[in-house]
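Given the structure is predicted, the values throughout are model-derived calculations rather than measurements. By convention in this document, chain letters (A, B, ...) are assigned in the order of the sequence lines, proteins followed by strands, and residues within each chain are numbered from 1.
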Protein chains: 2
Amino acid sequence: MKNLTSSECTGAHRAVRDTLDIVGGKWKLVILTTLIDKERRFKELAREIGISPRILSKELQDLEINKLVTRTVCDTRPITVEYSITEHGQTLEKVTTALRDWGLTHRKEIIGTQESLTPVTG
Amino acid sequence: MKNLTSSECTGAHRAVRDTLDIVGGKWKLVILTTLIDKERRFKELAREIGISPRILSKELQDLEINKLVTRTVCDTRPITVEYSITEHGQTLEKVTTALRDWGLTHRKEIIGTQESLTPVTG
DNA sequence: CAGTATCCAAAAAGATACTG
DNA sequence: CAGTATCTTTTTGGATACTG
């Protein structure tokens with residue numbers, strides 16, 4: 001048997017890190033899962049998820065660079081912009097599911113065992 | 001019909017956020033995947049993954065609070081402390097796998113399409 | 001050895017006013 | 001409306017010296 005720690009894991013570690021770098025922030029998955037429902041305009045997103053325009057703008061740019069959302073300028077008056085999730089963005093579903101399932105499992109594990117402490121989230 | 005954005009998604013969003021809060025930092029999954037191989041002492045971990053003692057200490061405390069690792073003081077001279085991954089910690093494997101798989105997929109998607117930009121990680 | 005204390009840098013997030 | 005500019009705060013990570 002071999003030493004997994006830094007041989008076989010090298011590529012795996014990087015891949016895991018990649019994913020976390022891309023969708024691991026506070027807003028990325030919130031935005032994406034919101035867009036799964038249906039496309040939104042900039043301000044709709046801002047309102048619905050409660051995020052300031054500066055942050056939202058940055059997050060959407062990041063997502064667009066990684067081809068997870070598309071940005072479409074609509075020729076209206078005034079101009080509106082629609083953001084949609086891409087097919088590639090939708091491949092994150094397995095990730096989201098895994099995160100959600102484990103989160104639920106963890107709540108049971110932690111809350112079932114010790115009640116007063118707050119090891120979870122906030 | 002109902003407004004999915006903040007009704008049906010509430011629990012799911014929270015669960016996803018929980019997981020990211022718990023293992024989403026720079027080191028948590030690195031530490032855990034290292035410990036899957038075999039248990040380590042404090043300084044071994046510090047050396048192997050290249051992390052400063054202050055950060056490592058904090059990360060291990062977080063992990064212990066969430067029952068992902070156990071801390072065992074060994075009655076040696078001088079004292080040594082061993083950290084091991086728990087069974088609960090090992091249930092993160094599905095999460096890690098999902099993150100890794102998507103990271104690999106994403107590299108193909110991005111690198112296959114556009115070569116010069118660096119939308120991935122660093 | 002295992003960890004804490006102190007100090008510091010960088011990144012992430014947020015409030016808010018402003019522009020085309 | 002869709003953003004950007006500016007400023008501030010919070011969080012995160014890190015170097016390093018020190019203690020039991």
Atom CG of B/L56 to atom P of D/dT16: distance rounded to whole Å? 17 Å

Output yes when at least one side-chain N/O atom of A/K26 is less than 4.0 Å from OP1 or OP2 of C/dG14, else no. yes

From D/dG13, C/dA2, C/dA13, nucleotide with atom closest to B/I55 side chain: D/dG13

Give the cluster check for A/I51 versus A/I36: same hydrophobic cluster or not, with ILVMFWY residues linked at side-chain heavy-atom distances below 4.5 Å. yes

Atom CZ of B/R40 and atom P of C/dA2 are separated, to the nearest Å, by 13 Å

May I ask you to verify if any side-chain N or O of B/K43 is less than 4.0 angstrom from the OP1 or OP2 atom of C/dC1? yes

Watson-Crick or G-U wobble partner for C/dG20, using a 3.5 Å limit on both distances? D/dC1

For C/dT4 and B/Q61 - does any side-chain N or O of the residue sit under 4.0 Å from the phosphate oxygens OP1/OP2? yes

Nearest of D/dA2, D/dT16, C/dA13 to any side-chain atom of A/R54? C/dA13

d(CD1, A/I31; P, D/dG3) in whole Å: 12 Å

Would you call the rings of A/H88 and B/W102 parallel, tilted or perpendicular, where under 30° means parallel and over 60° means perpendicular? parallel

For A/P78 and for A/P53, find the nucleotide of DNA chain C with the closest heavy atom, then tell me which residue's nucleotide is more 5'. A/P53

Looking at A/K94 and B/D101, is there a salt bridge between them, counting it only when a charged N and a carboxylate O are closer than 4.0 Å? no

Please report the C-alpha distance between A/R100 and B/T19 in whole Å, then the side-chain angles of each, then the deciding distance to 0.1 Å, and finally whether the side chain to side chain contact (heavy atoms under 4.5 Å, CB included) criterion is met. CA-CA 7 Å; A/R100 189 202 57 209; B/T19 306; over 6 Å; no

Of A/I51 and B/T80, the one whose nearest nucleotide on DNA chain C sits closer to the 5' end is B/T80

Any side-chain N or O of B/R71 below 4.0 angstrom from OP1/OP2 of C/dG3? yes

Phosphate OP1/OP2 of D/dG14: any B/W27 side-chain N/O under 4.0 Å: yes

Is the phosphate of C/dT4, meaning OP1 or OP2, less than 4.0 Å from a side-chain N or O of B/S57? yes

Could you tell me the separation between the CD atom of A/E39 and the C1' atom of D/dC1, rounded to a whole number of Å? 16 Å

Distance in angstrom units between B/I79 CD1 and C/dT4 C1', rounded: 15 Å

Ignoring backbone atoms, establish whether B/Y83 has a side-chain N or O less than 4.0 Å from OP1 or OP2 of C/dC1. no

Without hydrogens or angle criteria, can the side chains of B/H13 and A/T33 be said to hold a donor-acceptor pair below 3.5 Å? yes

Spacing of A/F42 atom CZ relative to C/dG20 atom C1', expressed in whole Å: 15 Å

Between A/E59 (CD) and C/dA11 (C1'), how many Å, whole number? 12 Å

Between atom CD1 in A/I49 and atom P in C/dA13, what is the gap in whole Å? 12 Å

